[in-house]
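Not measured: the values here are computed from a predicted model. Worth knowing before you read on, the calculation uses all heavy atoms, side chains too, and leaves out hydrogens, waters and symmetry mates.
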Amino acid sequence: ERGMVEAGPGRPNRGRRVPAMKSATVQPLRPTILRVLHLVVAALVVLLWVRTAASPGSASERFVYVFGVYPVDQFAWNVAATYAAGLLLYVVGSHQDVRRRLIVATLHLSGILLPLALVEGPALVGWIDYREYLAPDQLGGEGPGNRLYEPELYFHRPPHDRFSNALYGDAAAILGMRSAPRYAADYRYDRRGFRNDHDLDSAAVVLVGDSFVEGYKVTQERIVSMQLGALLGARVANLGQSDFGPPNELAVLRLVGLPLQPAVVVWFFFEGNDLYDYDLERAGWSTRGATFSDRSFVLNGLRVVAYWTRRHRDADDPQIASAMLRGPIKEAGATMYFENTNPPIPSTSTLSQLDEFTRIVGQARSLCEAQGVQFLLAVVPIKARVYAPWASLPSALADRLVQGDISRRIASWAQTNGIHLLGLEQPLRAAAPRGAVYYLDDAHWTGFGHRVVAESVAAFIRERHWLP
């Protein structure tokens, strides 16, 4: 009879009729169960995207948040999870044969994973770093096209690097001020990766500092080192790098600056962030190798997307203050933006960092003295301190300027320890009525500001006859 078979010889069921085995076929889920499954998975996916959305800690962090909401790594995981959920629903919820569903899903997944493996494999094993191709050339940028790390605790641009760009001021970029001007500049570097027109084997003066010295958003001919060299008629080596902190500056002075046999070393201290720039993470930058996350094609592509999809907000970010300039000043009537609204104020951590800074500077002075080199500490003020006479600053920022005058503590320490000190607040403020010494929408000096600083340093050196 159909559907029944007899047990054969030697089988325990001899003479008994047993049901025939049907072919293994997985039936599709019932419509009601399928709808519930779709709703549950969709709810989980939505919950994932909602729970992982984050507000950047500061306005500047929006540049590395996709759509201004998701950190790049998290966005990549969310996309992968959403795709996996969709694939799962297709496999278990389609009305097609299960074998066919699995084959289609496998082919679809392979079509994504195989090209991804071909692209990301070299980055995974360290053969390629996609930042070299996707990260834009700019001061403070990441990747081997922007920054090379040395094991001795400092970093620099690629040797003989050359590039040009036109960037918004930092405040304008953070606040999405599309009508703001762009500042065009060309950049040229020597064989050591520092911003000098020519390779230098010796120099009369060496400048050490951060982005102020390197000349952020200022074209080559107008940076402080070039103008100081013209004023003194001597070779001046620029050893500034964006994001340098005191440990980096000490390392570059010892390994690059003093071997140039200078007569004078000028160390620039910026009150806005140089104390903050001394921390264990920053100190370890030179020894931390690039990770797969750093090198990845997908993640670097998403960082580009994050930059161009950042949300724009009105100029009311608490990290940035603004004020209209008034009085006898060339920019009267213009709005100036102040990024450094949080200068250091005396506290346990700040005073500890200040002690560490003075220790490092004392060590730098000793290294110079051992080689018969004059050492000058130049203090760079934040923009708000220079423009305070012409700007109605928010009360919180005005109070912070009074409470947080770390420059006075440094001046007192320098005097006590016999260290030559040049405060740049007064010369910059005296020059401000004649022209902008800081950009309206950026924390850095303009080309004219670089000129004022170069003149001040040159006068200090000449008065003491430090050069032949």
Side-chain angles (χ1 to χ4, degrees), residues 63-64 72 122-165 167 185-201 203 206-218 220 223 225 236-260 267-268 273-274 277-297 299-301 303-304 307 360 364:
F63 288 90
V64 292
V72 165
L124 181 63
V125 298
W127 292 347
I128 190 171
D129 189 329
Y130 285 104
R131 291 176 297 177
E132 191 165 357
Y133 308 99
L134 295 176
D137 287 331
Q138 61 184 28
L139 270 62
E142 286 295 329
N146 283 302
R147 182 175 289 173
L148 301 178
Y149 294 93
E150 300 293 342
E152 295 86 358
L153 207 63
Y154 75 94
F155 46 86
H156 53 81
R157 299 284 309 181
H160 295 134
D161 198 15
R162 301 284 189 275
F163 67 95
S164 299
N165 58 27
L167 300 176
D186 67 287
Y187 301 86
R188 301 188 294 274
Y189 292 79
D190 61 20
R191 71 173 183 269
R192 297 183 178 92
F194 292 96
R195 200 173 178 192
N196 299 294
D197 264 353
H198 308 289
D199 294 335
L200 299 175
D201 295 318
V206 164
L207 308 183
V208 176
D210 58 10
S211 54
F212 280 88
V213 175
E214 189 176 9
Y216 189 50
K217 294 186 175 75
V218 176
Q220 192 85 1
I223 60 176
S225 55
V236 176
N238 187 324
L239 300 185
Q241 285 283 310
S242 296
D243 295 327
F244 260 8
N248 310 119
E249 291 159 348
L250 179 62
V252 81
L253 171 64
R254 179 172 58 86
L255 297 169
V256 182
L258 290 178
L260 295 176
W267 182 303
F268 289 82
N273 60 22
D274 271 10
D277 286 350
Y278 179 75
D279 53 47
L280 294 177
E281 178 186 4
R282 187 176 295 265
W285 279 359
S286 294
T287 56
R288 183 187 76 87
T291 64
F292 171 67
S293 176
D294 297 326
R295 299 187 297 263
S296 166
F297 173 81
L299 296 180
N300 279 292
R303 291 181 185 112
V304 174
Y307 180 86
I360 289 174

Mind checking whether [X] and [Y] have side chains closer than 4.5 Å, heavy atoms only?
X	Y	value
S293	V72	no
L250	P246	no
P247	I360	yes
I128	F297	no
L139	F163	yes

For [X] and [Y], indicate whether the former's side chain and the latter's backbone hold a donor-acceptor pair under 3.5 Å.
X	Y	value
R191	D199	no
R162	Y187	no
R157	N146	yes
E214	S242	yes
D294	G143	no
N196	H198	no
N248	L153	yes

Classify the ring geometry of F194 against Y154: parallel below 30°, tilted from 30° to 60°, perpendicular beyond 60°.
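Answer is parallel, since the angle falls under 30°.
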
Please test Y189 against N238 for side chain to side chain contact (heavy atoms under 4.5 Å, CB included), starting from the C-alpha separation and ending with a verdict.
CA-CA 10 Å; Y189 292 79; N238 187 324; over 6 Å; no

Using 0.5 Å steps for rounding, measure from the [atom1] atom of [X] to the [atom2] atom of [Y].
X	Y	atom1	atom2	result
L299	F292	CG	CZ	6.5 Å
R295	E132	CZ	CD	13.0 Å
D129	S296	CG	OG	10.0 Å
L239	E249	CG	CD	10.5 Å

Does a side-chain N-to-carboxylate-O contact under 4.0 Å join D161 and R147?
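No, this pair does not count.
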
Where [X] and [Y] come nearest, the two heavy atoms and their spacing:
X	Y	value
P158	P144	CG-O, 3.4 Å
I223	G215	CG2-CA, 3.9 Å
A237	L260	CB-CD1, 3.7 Å
L253	A364	CD2-CB, 3.7 Å

Just jot down the side chain to side chain donor-acceptor pair (under 3.5 Å) partners of N165, sequence neighbours excluded, or say none.
none

Partners meeting side chain to side chain donor-acceptor pair (under 3.5 Å) with D197 (sequence neighbours left out):
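Counting only residues at least two positions away or on another chain, D197 forms a side chain to side chain donor-acceptor pair (under 3.5 Å) with R188, Q220.
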
I need the single residue from E150, R192, Q241 that forms a side-chain hydrogen bond (donor to acceptor under 3.5 Å, both in side chains) with H156. Which is it?
E150

Qualifying residue, where the test is ring pair (Phe, Tyr, Trp, His ring centres under 6.0 Å) with F244 and the options are F155, F268, W267, Y216:
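So, applying the ring pair (Phe, Tyr, Trp, His ring centres under 6.0 Å) to F244 and each of F155, F268, W267, Y216, only F155 qualifies.
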
